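Just so we're clear, the structure is a prediction, and the values are computed from it rather than from any experiment.
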Amino acid sequence: MNSPLLVELFTEELPPRALQKLGQAFAVSLTQALAKQHLLGPDSVTTSYATPRRLAAQLSSVLAQAQDQAFSEKLMPVKVGLDAQGNATPALQKKLAAKNLAHLTPADLARESDGKQDYLIAHGTAAGAQLKNVLQAAVESALADLPIPKMMRYQLADGQTSVRFVRPVHGLVVLHGSDVLPVTVLGIDAGNHTQGHRFMSEGPVTLGHANDYATALADKGRVIASFEDRRDAIRRQLDK
């Protein structure tokens with residue numbers, strides 16, 4: 001089933017000159033990570049958000065589980081993988097186990113030549129990746145890839161653990177449709193509520209669905225989530 005995906009990191013004030021670039025980089029990296037896992041719908045559109053206290057990305061069509069994927073795995077030369085009787089050598093058995101292919105026998109393996117020697121090749125179909133199992137790594141990768149000009153180290157609420165990021169993080173939203181997915185980054189567990197404007201907000205903003213994000217922030221949080229929309233609104237007011 002395809003549903004929109006929302007990931008938001010709520011932080012202390014981010015560097016203003018780097019804000020737009022950080023928002024865009026986060027959205028692009030997250031999209032690329034999920035695309036590699038074949039989890040994006042064919043018509044999925046990614047929207048990046050960045051405000052002084054948040055980075056977020058919304059992907060319009062993300063699968064809960066990717067379709068099964070055909071694979072072809074080059075293992076090792078035949079002379080290394082099989083003994084004189086055609087049985088698997090310890091080297092081949094170890095290789096298959098490392099690739100989660102221990103159920104295969106020599107009879108299941110194909111042979112292909114590179115022009116110099118024959119190789120054992122494993123062909124098959126692997127179960128598609130599940131979003132809930134790979135999203136943690138995807139978010140971590142997106143954060144690690146951010147073009148952060150200068151990192152800071154700060155201590156988590158336990159008083160012992162220290163982490164590094166551009167600014168301290170205080171909230172994390174991860175919604176696939178209306179479901180909160182289990183992701184934890186920088187000591188923060190994902191939920192479905194965020195914060196609006198420091199003084200104008202009606203209070204914490206609870207999100208019932210990933211598609212509610214921009215509207216709920218504007219209506220209840222008094223925050224324009226889009227960097228570009230906020231910039232254009234400021235320009236119109238200055239012109240006026």
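- With a 4.5 Å cut-off on side-chain heavy atoms, K220 and S201 do not count as touching.
- Minimum interatomic distance between G23 and S48 (heavy atoms only, all atoms of both residues): O-CB, 3.5 Å.
- V223 and I234 fall into different hydrophobic clusters, where Ile, Leu, Val, Met, Phe, Trp and Tyr are joined by side-chain heavy atoms under 4.5 Å apart, directly or via other members.
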R235 vs L238, side-chain contact (heavy atoms from CB on, under 4.5 Å): CA-CA, chis, key distance, verdict: CA-CA 5 Å; R235 180 180 291 118; L238 289 172; 5.6 Å; no

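- One distance of note links CD of Q24 with NZ of K21; it measures 9.5 Å at 0.5 Å rounding.
- When side chains are defined from C-beta on, L131 does not count as touching L63, because their heavy atoms never get closer than 4.5 Å.
- Across all their heavy atoms, Q136 and E140 have their closest contact at NE2-OE2, 2.7 Å.
- Scanning for side-chain contact (heavy atoms from CB on, under 4.5 Å) contacts around S162 gives R153, Q155, with sequence neighbours left out.
- Under the 3.5 Å distance criterion, the side-chain polar atoms of R222 are left unmatched by any main-chain donor or acceptor of R198.
- Screening residues 34-56 for ring pair (Phe, Tyr, Trp, His ring centres under 6.0 Å) gives Y49-Y213 as the qualifying pairs, with residues at least two apart or on separate chains.
- In this structure, a donor-acceptor pair under 3.5 Å is absent between the side chains of D212 and T215.
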Intermediate values then yes/no, side-chain contact (heavy atoms from CB on, under 4.5 Å), L82 and L92: CA-CA 7 Å; L82 302 179; L92 178 58; 4.0 Å; yes

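- With T31 contributing its side chain and A27 its backbone, the two residues share a donor-acceptor pair below 3.5 Å.
- Applying the salt bridge (Lys or Arg N to Asp or Glu O under 4.0 Å) test to pairs two or more places apart or on separate chains, none has a residue in residues 100-117.
- Under a 4.5 Å side-chain heavy-atom criterion applied to ILVMFWY residues, the cluster that includes V28 comprises that residue alone.
- In the hydrophobic clustering of ILVMFWY residues, with side-chain heavy atoms under 4.5 Å counting as a link, L156 and F10 come out apart.
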Criterion side-chain contact (heavy atoms from CB on, under 4.5 Å) on T194 and T206, from CA distance to verdict: CA-CA 7 Å; T194 185; T206 300; over 6 Å; no

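- Residues N211 and Q58 share a closest heavy-atom pair of CA-NE2, 3.5 Å.
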Distance-only donor-acceptor hits, side chain of residues 163-182, under 3.5 Å, sequence neighbours excluded:
residue	atom	partner	partner atom	Å
R167	NE	E13	O	2.9
H170	NE2	E12	OE2	2.8
H176	NE2	V62	O	2.8

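- Of all the heavy atoms in A142 and L30, the pair that sits closest is CB-N, 3.9 Å.
- Identified under the salt bridge (Lys or Arg N to Asp or Glu O under 4.0 Å) test for residues 45-63, with sequence neighbours left out: E8-R54.
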Stepwise side-chain contact (heavy atoms from CB on, under 4.5 Å) test for L55 and V7: CA-CA 8 Å; L55 299 175; V7 179; over 6 Å; no

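- Annotation for Q67: atom CD does not count as buried by contact number, only 12 or fewer foreign heavy atoms lying within 6.0 Å.
- Within a 6.0 Å radius of NE2 in H123, more than 12 heavy atoms belonging to other residues, nucleotides or ligands are found.
- A search for side chain to side chain donor-acceptor pair (under 3.5 Å) contacts involving Q117 returns Y119, not counting sequence neighbours.
- The two atoms that bring L40 and A35 nearest to each other are CD1-CB, 3.9 Å, heavy atoms only.
- L135 contributes atom CG, which lies 6.0 Å from atom CG of L5 (distance to the nearest 0.5 angstrom).
- Two different hydrophobic clusters hold V78 and I121 under the rule that ILVMFWY side chains link at heavy-atom gaps under 4.5 Å.
- The shortest distance between side-chain heavy atoms of L9 and V185 falls below 4.5 Å.
- In terms of the side-chain contact (heavy atoms from CB on, under 4.5 Å) criterion, residue partners of V45 (sequence neighbours excluded) are, by chain and number, S60.
- Taking CG of L120 as the reference point, atom NZ of K74 lies at 11.0 Å (rounded to 0.5 Å).
- Using a 4.5 Å cut-off on side-chain heavy atoms (C-beta onward), K240 and R236 make no contact.
- The CZ atom of R17 sits 13.0 Å away from the CG atom of L19 when rounded to the nearest 0.5 Å.
- For the salt bridge (Lys or Arg N to Asp or Glu O under 4.0 Å) condition, no pair includes a residue of residues 122-132, sequence neighbours left out.
- No single ILVMFWY cluster, assembled from side-chain heavy atoms under 4.5 Å apart, contains both L14 and L217.
- Shortest non-hydrogen contact noted between G128 and D68 is N-OD1, 3.2 Å.
- Looking only at side-chain heavy atoms (C-beta outward), L143 and F26 come within less than 4.5 Å of each other.
- Screening residues 91-107 for salt bridge (Lys or Arg N to Asp or Glu O under 4.0 Å), with sequence neighbours left out, gives E73-K99.
- Under a hydrophobic-cluster definition in which Ile, Leu, Val, Met, Phe, Trp and Tyr are linked whenever side-chain heavy atoms come within less than 4.5 Å, directly or via other members, L146 and I188 are assigned to the same cluster.
- Side-chain N/O atoms of D189 and T184 include a donor and acceptor closer than 3.5 Å.
- Side-chain atoms of P4 and H209, non-hydrogen and from C-beta on, do get closer than 4.5 Å to each other.
- Side-chain contact between L39 and V134: present, with at least one pair of heavy atoms (C-beta onward) separated by less than 4.5 Å.
- D83 meets the side-chain contact (heavy atoms from CB on, under 4.5 Å) test with Q85, N87, T89; sequence neighbours excluded.
- In this structure, Q93 has no side chain to side chain donor-acceptor pair (under 3.5 Å) partners at least two apart in sequence or on a different chain.
- With contacts defined as side-chain heavy-atom distances shorter than 4.5 Å, the pair I224/T51 does not qualify.
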